4 protein chains.
Amino acid sequence: MEIGFLGLGIMGKAMSMNLLKHGFKVTVWNRTLSKCDELVEHGASVCETPALVIKKCKYTIAMLSDPSAALSVVFDKDGVLEQICEGKGYIDMSTVDAETSLKINEAITGKGGRFVEGPVSGSKKPAEDGQLILLAAGDKALFEESIPAFDVLGKKSFYLGQVGNGAKMKLIVNMIMGSMMNAFSEGLVLADKSGLSSDTLLDILDLGAMTNPMFKGKGPSMNKSNYPPAFPLKHQQKDMRLALALGDENAVSMPVAAAANEAFKKARSMGLGDLDFSAVIEAVKFSKE
Amino acid sequence: MEIGFLGLGIMGKAMSMNLLKHGFKVTVWNRTLSKCDELVEHGASVCETPALVIKKCKYTIAMLSDPSAALSVVFDKDGVLEQICEGKGYIDMSTVDAETSLKINEAITGKGGRFVEGPVSGSKKPAEDGQLILLAAGDKALFEESIPAFDVLGKKSFYLGQVGNGAKMKLIVNMIMGSMMNAFSEGLVLADKSGLSSDTLLDILDLGAMTNPMFKGKGPSMNKSNYPPAFPLKHQQKDMRLALALGDENAVSMPVAAAANEAFKKARSMGLGDLDFSAVIEAVKFSKE
Amino acid sequence: MEIGFLGLGIMGKAMSMNLLKHGFKVTVWNRTLSKCDELVEHGASVCETPALVIKKCKYTIAMLSDPSAALSVVFDKDGVLEQICEGKGYIDMSTVDAETSLKINEAITGKGGRFVEGPVSGSKKPAEDGQLILLAAGDKALFEESIPAFDVLGKKSFYLGQVGNGAKMKLIVNMIMGSMMNAFSEGLVLADKSGLSSDTLLDILDLGAMTNPMFKGKGPSMNKSNYPPAFPLKHQQKDMRLALALGDENAVSMPVAAAANEAFKKARSMGLGDLDFSAVIEAVKFSKE
Amino acid sequence: MEIGFLGLGIMGKAMSMNLLKHGFKVTVWNRTLSKCDELVEHGASVCETPALVIKKCKYTIAMLSDPSAALSVVFDKDGVLEQICEGKGYIDMSTVDAETSLKINEAITGKGGRFVEGPVSGSKKPAEDGQLILLAAGDKALFEESIPAFDVLGKKSFYLGQVGNGAKMKLIVNMIMGSMMNAFSEGLVLADKSGLSSDTLLDILDLGAMTNPMFKGKGPSMNKSNYPPAFPLKHQQKDMRLALALGDENAVSMPVAAAANEAFKKARSMGLGDLDFSAVIEAVKFSKE
């Protein structure tokens, strides 16, 4: 199976490498073309524009940094739209909002192409290990034909229906994550200010029904006020905001997420936006006594 | 090692049975004495009053239903206080507030006895399986002497310092639990109202960094609006209230826990107090459209 | 002074009538032209399109129902843009978002015209009585030249600086209003459920430092569960959302407004969106016991 | 009419002075007896203990600093209880919780005496001007007999039913006040951070339906970060907490008050507890950017 791959950032590089390792023929493109070299050493072909990748491959996956990059690769000169046509499939795994996905979908299908939106859950390590979770939506046949590739990239792929649902589902997952992080932060600070050990609290949580990889992974560094950015706080807050907006559209009142969002905003106002989202604990800790 | 055991409710019965099975000599007492019969069949002795248990045993564990029962067993006629004295240890594993623990501690130590407060995390199943978590505080020597028994009852015992700290730690754990349950509920409802499958959301969460036994255990029944009471909502709300009061004492602002507490109160006002605390999702779901 | 007036809804009709009564020469236009008749009886002239009004008058005020009407009157065929030019001033008093104002401003000034954004605070009665409050922003000279007209329409005009500031100030005022309404609602319900009279609470509030026309005006009907729509709840909630978005832009954490917004959303989900915003008390009242 | 008066702090002194000025015969007592001198100059008699005041007067009013002082004056040696008896009335205007009122009520009526709980709304200035608001509850006949005195002390007296209702009503009024203060603070900060003038916002609010003496009185100094303590923030926060507890008892969910309470707690943690409660705006303002 031949696959085009657009975008070789941290995620895209790991993902295209996995495809190569599992015997897929991969043709790559990246805005800075030199980033393709390492992939070529492992057997990848290169094209000089997104349009040429599309022309060459029946299936193309994109993994771009943000909505504007995702739009640019499709709509700009030498972009996807110039070559997309009946029979070809385009799978965008970038994390974008539902609106961006819908726009790309409309353009692709308007040219007869097929489109799947497929944001992933998981960052660098799961990408390298082929342990991502794919939240796919859009053209069902394309989704099914792509499963061999998806199975290499992730441990599980979900088909969620119409385009936009992938983005929405990801927001909801991240909203739960943001509220949980606040619940956790409040507990750690309360333990500490009540004269208990917040490290012992971690041990106790770890043995009970709430034990989860996030608490285990981030708790010890939070107790040391250390927040190396795996998922920047400002992005977490943006996702909370968008999830609340989704709730607004559908008249779902979510007071806990709203309170968590305001805590992330306070953390942003304290200059913590570029740190890991676990730095929200600093907004809880803050006092002058 | 001979152990007295006061209180043979669901928890106390399972716990004393475990002690018997592991070769401890156990002397039991229960307000309704007939409940002792099953234990006697397995080798337990019986005393007719708490005082007689204390008189007979160097170490006595109590597992009572609430603060008033815990106080009554100590202070009433034929109670613990009548026989407690130097050399004897009393370990109260009932879930009570810090104030109740402190009162019992003062009385016991006033008579020369030793006291450990030891609320447990875990309900019926972990009690039967000897998989409880013990949050102990108070007399350190008594704690250490009791470890052989604690090791039979639970998978881990924590020594948390002065009396009151066990109760406080348990409140903090339960506060995190209550906020997490609200985060989870809001996410499930948002998925549903946004046209996504809340069952799929469970599957996605289960594969990611937030996966935890509570979401896995309660999610499927929450999606079916089914809330068999493992931990009643009114007790969860009471613990949220007490944890917020602890935050008040120590000037810790906890807006997410406060929002979660108000959601539990709304659920109580909807008549859901006796259902499982996961029924708080009904307060999120409620709408008339 | 000759003034053009676009839009003769409840507000626009009252306002243009006031201008006539105070000796201004007024030329009106309304999408449904027959609505101009009453004004003509009082001495107004009529034009058949917004463009013709602009052509005729040096100063034109618009009072339209919403952003899309405000945009349409400017950009559509026979619209304001066709005749606006150097020397002419356009004052839009419609309640629109900052983005809409900025778009109109850019178009008007691009043609050499001058623009003032001037949303008003106050509804039908103050409009009739010339007691509105004008939150103006944009071209300062135009603002100053317009003061004779503003003094007829309102009791006070504020000049707030650059275009967009009028819309922002109005959102902030409405945000405070929405949070106050929730504070009031919670108090009324708490009184009632605590066995106190919520009517007596109104009397007590009325005598103290918090007495204000909104509590006095809406309290009695709220206690009778009566919510005739002066300002629809769904519009209040939209303004809360936009004010929170403004806070998001500027990293201002506003937990009380966020909680109030979620209460309005709950009220919307209960089908109360078209009632007065004071109907948010129904979300507080709701219980099943 | 002869009135006993216990407690000559800022409030009590102003109130007893008013009674003297209006022709009442007043017998005073204060813990520090020298504080009685000024009253004596204006015609008051003095007794050396609360018991002696009760013995001498048919009606006695108390105005003490807090619940413990209120209890001590009744229950300690030479206290009210020693002389209270059938035919005598005791009116406690101290601000205490419902529990304290109920305890005093039980003791007084147990001796055959009559009791009215009468916390007041208003501070030094209204006390001096006889413009307090009395929230009275308890013995109805005593309330009615006391109206001549109440009319001198305040502009309005409310009879609220059973003992405890006065304290509850006051908490509710203060809860609304605390939430309003947060709504106001968030608006002022949002204006400022959005590039608008928070002084202009005050002017706009002052002209609209939300205008109230509290905003007018405190707004200008809040904009100057000046918080001279009229009502200390820590007391406001305590009243929020107690009002939320009242909501808890009655299953009233109050998310806005809960969010406001957490903001006051954050302000306390910033060391602002002894400043005026309007200093909560500092918790909203706080940022590091």
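These numbers come from a predicted model, not from an experiment. Numbers restart at 1 for each chain; the letters A, B, ... are given by sequence-line order, proteins then strands.
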> Which one of B:Met177, B:Gln162, B:Lys168, B:Lys156 has the most heavy-atom pairs closer than 4.5 Å to chain A?
Replying inline: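 Max contact count across the listed options: B:Met177.
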>> Is B:Met254 in contact with chain A via its backbone, its side chain, both, or neither, using a 4.5 Å heavy-atom distance?
In response: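 Both the backbone and the side chain of B:Met254 come within 4.5 Å of chain A.
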>> With side-chain contact (heavy atoms from CB on, under 4.5 Å) as the criterion, how do A:Phe158 and B:Leu207 come out once you've worked through the C-alpha distance, each side chain's angles and the decisive distance to 0.1 Å?
In response: CA-CA 11 Å; A:Phe158 292 91; B:Leu207 291 162; 3.7 Å; yes
> Given side chains that start at C-beta, do those of A:Met214 and B:Thr211 come closer than 4.5 Å, heavy atoms only?
Replying inline: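 A:Met214 does not reach B:Thr211 side chain to side chain.
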>> Would you say CD1 of A:Ile147 has more than 12 non-hydrogen atoms from neighbouring residues, nucleotides or ligands within 6.0 angstrom?
In response: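 Enclosed: over 12 neighbouring heavy atoms sit under 6.0 Å from CD1 of A:Ile147.
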> Under a 4.5 Å heavy-atom cut-off, does chain B meet the side chain of A:Met175, its backbone, both or neither?
Replying inline: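 The answer is the side chain of A:Met175.
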> Between A:Leu205 and chain B, which part of the residue has a heavy atom less than 4.5 Å away: side chain, backbone, both or neither?
Replying inline: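 For A:Leu205, side-chain heavy atoms alone lie under 4.5 Å from chain B.
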> Heavy-atom distance under 4.5 Å to chain A: side chain of B:Ser197, backbone, both or neither?
Replying inline: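 The backbone, not the side chain.
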>> Only pairs of heavy atoms separated by less than 4.5 Å count here; which of B:Pro213, B:Gly208, B:Gly195, B:Ala243 has the most with chain A?
In response: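 Looking at each option in turn, the highest pair count goes to B:Pro213.
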>> I'd like to check B:Phe184 versus A:Val256 (side-chain heavy atoms, cut-off strictly below 4.5 Å). Are they in contact?
In response: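 They are not in contact (no side-chain heavy atoms under 4.5 Å apart), so the answer is no.
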> Relative to chain A, which of B:Asn165, B:Asn182, B:Ile204 shows the most heavy atom pairs under 4.5 Å?
Replying inline: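 Most pairs with chain A among the choices: B:Ile204.
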>> Let's test your reading of the structure: which of B:Leu201, B:Val284, B:Val189 forms the most heavy-atom pairs below 4.5 Å with chain A?
In response: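 Of B:Leu201, B:Val284, B:Val189, B:Leu201 has the most heavy-atom pairs under 4.5 Å with chain A.
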>> If you count heavy atoms of other groups shown closer than 6.0 angstrom to CD of A:Glu99, is the number above 12?
In response: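 It does not: A:Glu99 CD has 12 such atoms or fewer within range.
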> Who wins among B:Leu160, B:Leu171, B:Val252 for the most heavy-atom pairs under 4.5 Å with chain A?
Replying inline: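 Counting heavy-atom pairs under 4.5 Å, the top option is B:Val252.
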> For A:Phe286, is it the side chain, the backbone, both, or neither that has a heavy atom closer than 4.5 Å to a heavy atom of chain B?
Replying inline: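 Contact with chain B is absent: no heavy atom of A:Phe286 under 4.5 Å.
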>> Using heavy-atom distances under 4.5 Å, tell me whether B:Leu196 contacts chain A through its side chain, its backbone, both, or neither.
In response: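 Just its side chain gets close to chain A.
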>> What residues of residues 121-141 of chain A make heavy-atom contacts with chain B at a cutoff under 4.5 angstrom?
In response: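 Listed by number: A:Ile133, A:Leu135.
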> With a 4.5 angstrom heavy-atom cut-off, which part of B:Ala263 approaches chain A: side chain, backbone, both or neither?
Replying inline: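 Contact with chain A is absent: no heavy atom of B:Ala263 under 4.5 Å.
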>> Would you compute the distance between atom CE of B:Met210 and atom CG of A:Asn174 and round it to the nearest 0.5 angstrom?
In response: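 It is 6.5 Å, given to the nearest 0.5 Å.
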>> Given heavy-atom pairs under 4.5 angstrom as the criterion, report whether the side chain, backbone, both or neither of B:Lys155 touches chain A.
In response: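 Side chain only.
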>> Would you compute the distance between atom OG of A:Ser194 and atom CD of B:Glu249 and round it to the nearest 0.5 angstrom?
In response: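 One finds 7.5 Å between OG of A:Ser194 and CD of B:Glu249.
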> Roughly how far, to the nearest 0.5 Å, is the OG atom of A:Ser287 from the CG atom of B:Asn250?
Replying inline: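 Result: 11.0 Å between the selected atoms.
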>> For the interface with chain A, which of B:Ala257, B:Ser253, B:Ala183, B:Ser179 has the highest count of heavy-atom pairs at distances below 4.5 Å?
In response: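 Most pairs with chain A among the choices: B:Ala183.
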> Can you tell me if NZ on A:Lys285 sees more than 12 non-hydrogen neighbours from other groups inside 6.0 Å?
Replying inline: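 It does: A:Lys285 NZ has more than 12 such atoms within range.
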> Under 3.5 Å, is there a donor-acceptor pair between the side chain of B:Glu186 and the main chain of A:Ile176?
Replying inline: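 No; zero donor-acceptor contacts below 3.5 Å.
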> With chain B, which of A:Gly247, A:Ala260, A:Ala259 has the greatest number of heavy-atom pairs at distances under 4.5 Å?
Replying inline: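 Heavy-atom pair counts peak at A:Ala259.
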